[in-house]
Structure formats: structure tokens, C-alpha cells
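Down below is the structure, laid out as C-alpha cells.
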Amino acid sequence: MRFAVQIQSLSSSPLETAADALAVGIYEDAPLAGATAEVDKALGGAVRGLIDRKEFSGGSYETAPLLVPMGQAKQALLVGLGKKDAFNTGEAFRCAAAASRALAAKSRSDVAFYLDEGWNAEQSESGVAGALVGCLGQDIHRAEKKRHPFQTIHWSTKNAAAIDSGRILGNAVNLTRNLVNSPADEIYPETFALRAAEVAENHGLEIEVWDEKKLAAEKCNALLAVAKGSSRPARLVILKYNGGGKGDSPLAIVGKGVTFDSGGLSLKPSEAMLTMKCDKAGACTMLGAVQAIAALKLPINVIGIAGLVENMTGPAAMKLGDVLTARNGRTIEVHNTDAEGRLVLADALDVAVELGAEHIIDLATLTGAVIVALGMEVAGLMTNDPPWCDAVAGAARKVGEPVWELPMYPEIYDDLIKSEVADIKNVGEGRWAGAITAAKFLEQFIGDTSWTHIDLAGPAFREKPRPWIDAGGSGQYVRTLVEVARAWKK
Ligand code: BES
Ligand code: MN
Ligand code: ZN
């Protein structure tokens, strides 16, 4: 799927810009200024009138079309930017995306954004990324598209360098979204690996793909056990980006890539299964982030690992009561075949440890329990190293992607995954603290390496649209990972 929007820096004034539409911004609590004031003047005070009559308030993500020509442009869109004091990098992303999403409802080729007035470089970059994300929908397979990506985005800014990095971020988020949105019969372990190889080729990354033979030779028995019920063979993808020094130990990003999660013999009911193409979102987020880190040429070494399987119910499927020996030697009693993500990650994390990662982040749509705890918008963080978790949380806060840390008290939670017949079992005791017992399981495969786990089961995939993004894969946490990489070891 090729998706190429041109982005050009814009220097002409709004009324001299020939475009299918202009987007102009208004803060809720600040007077009309800049491009918006010019548009208002051209329309004889009509924008002022809309505000005075409370037709438009300038709240975040609010948009109102002005369907008349102004200057060289065919029409304009008013875009709310919220309260000026509350404006930040996350708001820049979402407000620009909301504007872009509204404009992309119709087919328009040239759109000029005049939102970025007095924004700092980070806000400009996020705004450009948001403009790319907002105009892409989830209708890969729909003849009549609901979103029409523009041919050209004109972006007015004083921070011209932010256009290039914003484009890189927006394209990475959209790569992740498109992969997540692709159905399970298109993206399965082998085809995901091919897509990763394309990214590697385009960005000069090293790539290794472990097939089922190599996985067996590498004793990845926990990962392979999940794949047994499927006609699709498993894969493990290892990407290496070497932007740092030769001996510098890498940052590892590990993603759960369950390309479809039926639950296995512990079968999910239909409603819960319907969206389970999203269960590869962790791996897709890893791939988007590694692409962006490489395109930005960050001066560090990064390893990206995707554990790729389909969790199905075929005749050879893993059974309840099976005992698996994971790559690191731990034995696992299977109590529920639907707790498969942790089995896949057990071996993928062990590979990251063996490759000498200094810090590990894993991303996984791991538990329904994290959604019960935090809802659909917030990812749960769990760690064996609080300062490393703080670094991840700080990066997320900086780019405006919500996260919240859950506790890992050993004296409370460690016992809950003990098994009568093996070292550990793949579920906790009952439903309580399900997100944490899953993380406690992962912790068994980390050794002494510093690790933070991101359970993004809620935010990775939206069932309903938000003003700034269509339903489906969100690409959320790609920008957090890039920010982590930028701040790493600084
Ligand atoms: N992929 C699911 C978790 C999930 C749920 C992701 C909802 C996205 C939306 C995971 O593999 C799973 O099935 N987890 C079980 C674990 C349980 C059996 C211990 C769950 O959360 O119910
Ligand atoms: Mn499952
Ligand atoms: Zn799953």
C-alpha cells in the first residue's frame, strides 16, 4: 500500500495561496490572529460573528467549514485549538489531525494549513505528523472511501526543519495503522515478515527472519506452541538499525505479533474475536517506530523484534495442561490457550536479552484486564526498573500519548503465577490483577535486563472514531517510542 502525500513548506499569506482549502486555527481564549484574522477580514468579520453568536468556540478538535472562496483559496476550515495555556505537543498532533480528517472527508488535492503560528519546533513536527494521520482512514478495502488522502499538504511554519521529521513520524504512524487494519488473511506471520523486509530494504536495516525450522533449532518452544494450531507457520523478525557506535549496546523494542487471536482451544466468543486482527499491534508499532528511528538517523543502535504467530484451533493446537519449555529453560503449564501473547513474548524477550540489549521495551495487546483497569485510551506500563519506566512515561507525556504505571510488588504478585507441575503457569489466580500477572509472567524471561512493558490492548485499536482519527488501528505509541529513542542516553 503506497501512500505518498507531498508536504511543502508554505510562505505565502493565506489569501494568496491557491488551494482547495485553507485550515486556520483559533484558540478558545485568545483573540483572532494571524491567518484567521486575515480570513475574517476577507469575509467582512464573519468569523468574529460566528464566535460572538457562539456558533464556534475554538475548543480542541472543533471544526467549521466556511464554504466560500477567499482570496485564491476555494474555501476555508476553522479549527479549534483549545485553551492557549493548555496547548502542547499532543494537542498540536490531534488538532492538526482533526482538521485534516474533516477536510479529507471529500476528495481535495491541495490543502494549506495555517495552524502553526507561534508553535515551537516539537509542536510543528507533531502538527505535520497529525495532518498526515488525520487524512488516512481504515477503508483499505472500501470502494467508496471515507477519507481521501491529499496529494499535497502545504504547511505554514517558521520551523521548516520540522516538516521533514513530521513527515517521517506521520508516515510511520500510518504504516502501523495500515498494518493493524489489514485483515488476518493478508497479514499473517510470513507476510508481516515480507513487509518488515521492505522496510529494512528501504531504510538500510539489517534483517533476520527465523522460520519454523530455525525457531525449533533456537528452542523457541513457547512461541512455536502457539503456532501449532494454525496452518500459517510462525516467524520471528529481528531488525537491526546501527546508527550508534560499533560496540554500543542497543535499545530493544519487542512486539507481540499475533496476527489473529481466536483464543485457540480456549476459544473466544464471536464479539471478542471480531477485532482480533489487532492482536499484532505491538509488532506493528515496533515496525513503525524502527522505520522512523532509521529515517531520522538517530545516533543509537536499535534492535526490533517481532514474535509472529496465528493463534488457532487446528488439530495440532496446543492443549490445556500442556507443559512447554521456553527458550530460557523455564517450564510453563498452559492453563488457557487464550493467554498466548505472553508465550510468544517469553521467547522473543529472551532473544532480546541474548542480543545484549541494554534496555528493553515490549509492546503487546496483552490483556483485556488492562482495559478494565485503564479504559480504551490509556496503555498500562509495568517494569522491573522504575527509572527506565519513568523515561518511557516521560517520553509518552512529552508527545501526548497517555500511559499509567501499574505496580509489580513481588511479595504480592509473584506467587500468583506459580504452577503445581511446572515453574510457572500462563494465567494468574482468577481474574484479579490480570494485566499485572501477565507482566509478572514476562518478567521471568528478562533476567537482569532493564525492561518496561507497554500493554496497549485498549488504545491500539479503536472501535469508534475520535475527532482526530478514524476507528481502527491508532498507531498510538509509535511517537512515544521515537521520543524514547531520541532521549536515550542523553
Ligand atoms: N489478545 C488478547 C487481549 C486483548 C483483549 C487485546 C481485548 C485487545 C482487546 C489476549 O491474548 C487475551 O486473550 N488475553 C486474555 C488473558 C486471559 C486468558 C488470562 C484476556 O485478557 O482475557
Ligand atoms: Mn488471547
Ligand atoms: Zn492475544
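We count ligands from 1, going down the list as the structure has it; atoms in each ligand are counted the same way.
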Inset, instruction - List for me each residue that meets side chain to side chain donor-acceptor pair (under 3.5 Å) alongside S266, sequence neighbours excluded, and say none if there are none. - result: N336, T337

Legend entry - M276 heavy atom under 4.0 Å from ligand 1: yes

Inset, instruction - Report yes or no: does a heavy atom of K256 sit under 4.0 Å from some atom of ligand 1? - result: yes

Legend entry - Protein-derived N, O or S atoms lying under 2.8 Å from the Zn ion (ligand 3), waters excluded: 4

Inset, instruction - Please determine if E212 and K228 form a salt bridge, counting it only when a charged side-chain N lies under 4.0 Å from a carboxylate O. - result: no

Inset, instruction - Output every pair passing salt bridge (charged side-chain N to carboxylate O under 4.0 Å, His left out) with a member in residues 436-454, not counting sequence neighbours, ordered by first then second residue. - result: D414-K440, K440-E443

Legend entry - Any K280 heavy atom less than 4.0 Å from ligand 1: no

Inset, instruction - Would you check whether K268 has a nitrogen or oxygen atom less than 3.5 angstrom from a nitrogen or oxygen atom of ligand 1? - result: yes

Inset, instruction - Return a yes/no value for A339: is any of its N or O atoms, backbone included, closer than 3.5 angstrom to an N or O of ligand 1? - result: no

Inset, instruction - Output yes when K214 and E208 qualify as a salt bridge under the 4.0 Å nitrogen-oxygen rule, no when they do not. - result: no

Inset, instruction - Would you tell me which option among N426, D338, T365, V372 has the nearest heavy-atom contact to atom 13 (O) of ligand 1? - result: D338

Inset, instruction - Step through it carefully: locate the ring centre of F93, locate the ring centre of W468, and say whether they are under 6.0 Å apart. - result: no

Legend entry - Neighbouring protein N, O or S atoms of the Mn ion (ligand 2), below 2.8 Å: 4

Legend entry - Ion pair D470/R101, N-O distance below 4.0 Å: yes

Inset, instruction - Flag the pair E125 and R486 as a salt bridge only when some basic side-chain nitrogen lies within less than 4.0 angstrom of an acidic carboxylate oxygen. - result: yes

